[in-house]
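Numbers here are sequence positions counted from 1. We count ligands from 1, going down the list as the structure has it; atoms in each ligand are counted the same way. Values reported hereafter were calculated over all heavy atoms of this structure, with side chains retained and with hydrogens, waters and symmetry mates removed.
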Amino acid sequence: MTQVNKTNRRRFLQASLASSAALLAKPASAQEVVLQPARSTGRTIFEAGEYGMPSEFATGSRLIGSANGLHGGARTPLSESHGIITPSGLHFEVHHGGVPDIPPHEHKLLIHGMVDNPKIFTMEDIMRFPSVSRIHFLECSGNGEQEWSSPSSPTTTVQQSHGLTSCSEWTGVPLKMVLDELGIKTEAKWLLAEGDDSSRMGRSIPMWKVIDDAFLVYAQNGEFLRPEQGFPLRLLVPGFEGNMNVKWLHRLELSDKPWWTHQEVARYSDPRPNGKKVVFSFYMDAKSVITSPSSTMTLNGPGFYEITGIAWSGRGKVAKVDVSTDGGATWQEANLQTPIFNKAHTRFRLPWMWDGKEATLQSRTTDDTGYVQPNYEQLYALQSPIGMMHNHAIQSWRVQQDGTVINVHHV
Ligand SMILES: Nc1nc2c(c(=O)[nH]1)N[C@H]1C(S)=C(S)[C@@H](COP(=O)(O)O)O[C@H]1N2
Ligand SMILES: [Mo]
């Protein structure tokens, strides 16, 4: 299956990159195209099965593995993604103790601590609240860790370097609404969110974020959450590092101080040049990457190509994306797909005539707070010794004269 997929994917990639040549080539005559005999009868509806699957020729599959040492990582095929929504079956995955299969009728959410009336909710209770649907990205703060700590290989793909981010429409209940029912005590400043997986993963979330836009999510892209995304219930804290978006959520405790869990003091903390570590950095800062052309693709001769990719910011909306084809010497503003959503992937596109000479492609986003995505030098100055988390530096791809594209990390 994977072998077939890989072959198909390569073929498709070549076909799509060759389309620039096709655009310029003489069209086939109408006779050749239209006057072929009709195809014989196609597959029946019974063969499609009860849950539709992608075409056998469709490309894009997750890269399973854990090259950066995280348990249970699966990466989204960004170079073969279109628009801004990640199909649920291609959403990235990170879990620290496997994926539990939880029957929803057995699932409970306990809310206790600094509330007037602690309560245990069933899924039915939660789904009776008025719901909201919002489009948000989710990114593991370890995304790009490998690129940051060791120079990447020329064949490291965008899926390997950036595939721990995805974007979905999430449906659920604003957490504030549920907590207001119970009565939040004025001393409550933090909330512990804990998952019902073997790792019992827990993170401390500041109450101001809970009040602002955290929500209890039960559906993704129009259907119930995938088990891998936290079925039947997860917390979503939009724009905050992936780790805080606790899956298989079963307990929320309000307190006047944070819990200093293992996840927040050891794994997801950021070293600084003065030898100290920053904890609770929360935000995923503005970041972008060109997904096509990108490493391991081949351009089929000079001519027209569309440079495209995604940009996002945990602090708000993407305001603009600049693209360079000369390694950052000059920049051009890319077109942004609209509407642009808050804390969501934003698709950018820029028409490009490749002259057949070596070109170094970069993208640099600015979010609506005015924050500009840094290059590696700027990031190294901020965060050293080189940190594991929050690599959001500008990525460089080099188009070589023969049309092959390689990862040059930064230039
Ligand atoms: N209960 C629980 N929640 C969890 C995790 C986990 O291992 N257990 N992994 C976290 C990490 S590190 C990330 S990056 C995100 C990944 O979410 P996803 O697998 O839905 O993409 O979930 C977070 N929530
Ligand atoms: Mo993560």
Side-chain angles (χ1 to χ4, degrees), residues 62-78 81 85-102 107 109-110 136-146 148 159 162-172 192-205 214-221 223-252 259 261-270 281-284 287 312 314 345 387-392:
R62 295 188 304 177
L63 185 70
I64 313 287
S66 195
N68 61 0
L70 294 171
H71 313 261
R75 290 160 187 267
T76 296
L78 295 178
S81 300
I85 298 293
T86 310
S88 303
L90 296 177
H91 198 283
F92 84 91
E93 263 176 63
V94 176
H95 32 80
H96 300 259
V99 177
D101 285 310
I102 303 174
H107 191 71
L109 174 68
L110 164 67
H136 289 302
F137 78 88
L138 184 68
E139 184 185 16
C140 176
S141 46
N143 198 17
E145 176 195 347
Q146 221 182 352
W148 161 282
Q159 181 170 23
H162 289 73
L164 295 181
T165 187
S166 303
C167 185
S168 299
E169 184 199 71
W170 305 98
T171 300
L192 177 81
E194 187 187 72
D196 186 20
D197 52 338
S198 71
S199 74
R200 279 276 155 94
M201 220 202 67
R203 285 291 307 252
S204 310
I205 321 276
F215 61 135
L216 300 173
V217 163
Y218 50 80
Q220 173 188 12
N221 297 333
E223 58 186 358
F224 284 108
L225 286 170
R226 290 290 160 99
E228 297 78 7
Q229 265 66 63
F231 183 88
L233 191 68
R234 89 176 298 163
L235 180 67
L236 212 84
V237 278
F240 276 18
E241 54 184 10
N243 189 252
M244 301 178 77
N245 296 263
V246 173
K247 303 191 274 190
W248 314 294
L249 184 71
H250 79 152
R251 189 166 77 87
L252 293 170
W259 274 259
T261 68
H262 165 76
Q263 295 288 326
E264 51 210 25
V265 297
R267 187 171 270 282
Y268 293 92
S269 58
D270 309 310
S281 42
F282 302 144
Y283 290 99
M284 297 308 294
K287 183 167 173 180
W312 62 99
H345 282 178
M388 285 165 56
M389 301 296 163
H390 297 280
N391 178 1
H392 57 295

A.B. asks: Which protein non-hydrogen atom lies closest to atom 2 (C) of ligand 1, naming both residue and atom, and how far is it?
C.D. replies: Asp197 OD2, 3.4 Å
A.B. asks: Check this for me - ligand 1, Asn245, N or O atoms closer than 3.5 angstrom, yes or no?
C.D. replies: yes
A.B. asks: Using distance alone, decide if ligand 1 has a nitrogen or oxygen within less than 3.5 Å of any nitrogen or oxygen in Val94.
C.D. replies: yes
A.B. asks: Output yes when a side-chain donor or acceptor of Asp197 lies under 3.5 Å from a complementary backbone atom of Gly98, and no otherwise.
C.D. replies: no
A.B. asks: So if I apply the side-chain hydrogen bond (donor to acceptor under 3.5 Å, both in side chains) rule between His91 and each of Arg62, Gln229, Arg226, Glu228, which one comes out positive?
C.D. replies: Gln229
A.B. asks: For ligand 1, which atoms, with element, lie under 4.0 Å from some heavy atom of Gly195?
C.D. replies: 1 (N)
A.B. asks: Run through Glu194, His96, Lys247, His95 and flag the one making a side-chain contact (heavy atoms from CB on, under 4.5 Å) with Met201.
C.D. replies: His96
A.B. asks: Of Leu216, Val246, Ile102, which is the lone residue that meets side-chain contact (heavy atoms from CB on, under 4.5 Å) with Leu233?
C.D. replies: Leu216
A.B. asks: Side chain, backbone, both or neither: which part of Trp248 has a heavy atom under 4.0 Å from ligand 1?
C.D. replies: side chain
A.B. asks: Starting from atom 3 (N) of ligand 1, what is the nearest protein heavy atom, named by residue and atom, and what distance separates them?
C.D. replies: Lys247 N, 2.9 Å
A.B. asks: Considering only heavy atoms, does Met244 approach ligand 1 within less than 4.0 Å through its side chain, its backbone, both, or neither?
C.D. replies: neither
A.B. asks: Give the residue, atom name and distance (to 0.1 Å) of the protein heavy atom nearest atom 15 (C) of ligand 1.
C.D. replies: Gly242 O, 3.5 Å
A.B. asks: Between Trp248 (side chain) and Pro227 (backbone), is there a donor-acceptor pair under 3.5 Å?
C.D. replies: yes
A.B. asks: Tell me, which protein residue and heavy-atom name are nearest atom 11 (C) of ligand 1, and how many Å apart are they?
C.D. replies: Asn243 CA, 3.7 Å
A.B. asks: Quick one: nearest non-hydrogen protein atom to atom 14 (S) of ligand 1, plus distance?
C.D. replies: Cys140 CB, 3.3 Å
A.B. asks: Can you sort out which atoms of ligand 1 are near His91, meaning under 4.0 Å from one of its heavy atoms?
C.D. replies: 20 (O), 21 (O)
A.B. asks: Check ligand 1 against Glu228 and write out every atom of the ligand that is under 4.0 Å from a heavy-atom position of the residue.
C.D. replies: 19 (O), 20 (O)
A.B. asks: Which distance, rounded to the nearest 0.5 Å, do you find between the OH of Tyr218 and the CG of Leu236?
C.D. replies: 13.5 Å
A.B. asks: Can you sort out which atoms of ligand 1 are near His95, meaning under 4.0 Å from one of its heavy atoms?
C.D. replies: 7 (O)
A.B. asks: Geometry only, no angles: is Met201 polar-contacting ligand 1 at N/O separations under 3.5 Å?
C.D. replies: no
A.B. asks: Which residue supplies the protein heavy atom nearest to atom 21 (O) of ligand 1, what is that atom called, and how far is it?
C.D. replies: Phe92 O, 2.7 Å
A.B. asks: Between the main-chain N or O of Ser204 and the side-chain N or O of Glu264, is there a donor-acceptor pair closer than 3.5 Å?
C.D. replies: yes
A.B. asks: Going by distance only, is there an N or O of Tyr268 that falls short of 3.5 Å from an N or O of ligand 1?
C.D. replies: no
A.B. asks: First locate atom CG of Leu192, then atom CZ of Arg251, and finally report the distance between them rounded to the nearest 0.5 Å.
C.D. replies: 5.5 Å
A.B. asks: Kindly confirm or rule out an N or O of Glu139 lying under 3.5 angstrom from an N or O of ligand 1.
C.D. replies: no
A.B. asks: If you measure from each non-hydrogen atom of Leu138 to ligand 1, which part falls under 4.0 Å: side chain, backbone, both or neither?
C.D. replies: side chain
A.B. asks: With heavy-atom distances below 4.0 Å as the criterion, list the atoms of ligand 1 near Gln229.
C.D. replies: 18 (P), 19 (O), 20 (O), 21 (O)
A.B. asks: Within this structure, what is the OG-CG distance for the pair Ser88 and Leu225, rounded to the nearest 0.5 Å?
C.D. replies: 8.5 Å
A.B. asks: Per the side-chain contact (heavy atoms from CB on, under 4.5 Å) rule, which among Lys287, His390, Met389 passes with Asn143?
C.D. replies: Lys287
A.B. asks: Is Arg75 reaching over with its side chain to a backbone N or O of Ile64, donor-acceptor style, under 3.5 angstrom?
C.D. replies: no
A.B. asks: Does Asn245 reach the main-chain N or O of Val237 with its side chain, forming a donor-acceptor pair under 3.5 Å?
C.D. replies: yes
A.B. asks: Between the candidates Glu93, Arg234, Glu194, which shows the shortest non-hydrogen contact distance to atom 20 (O) of ligand 1?
C.D. replies: Arg234
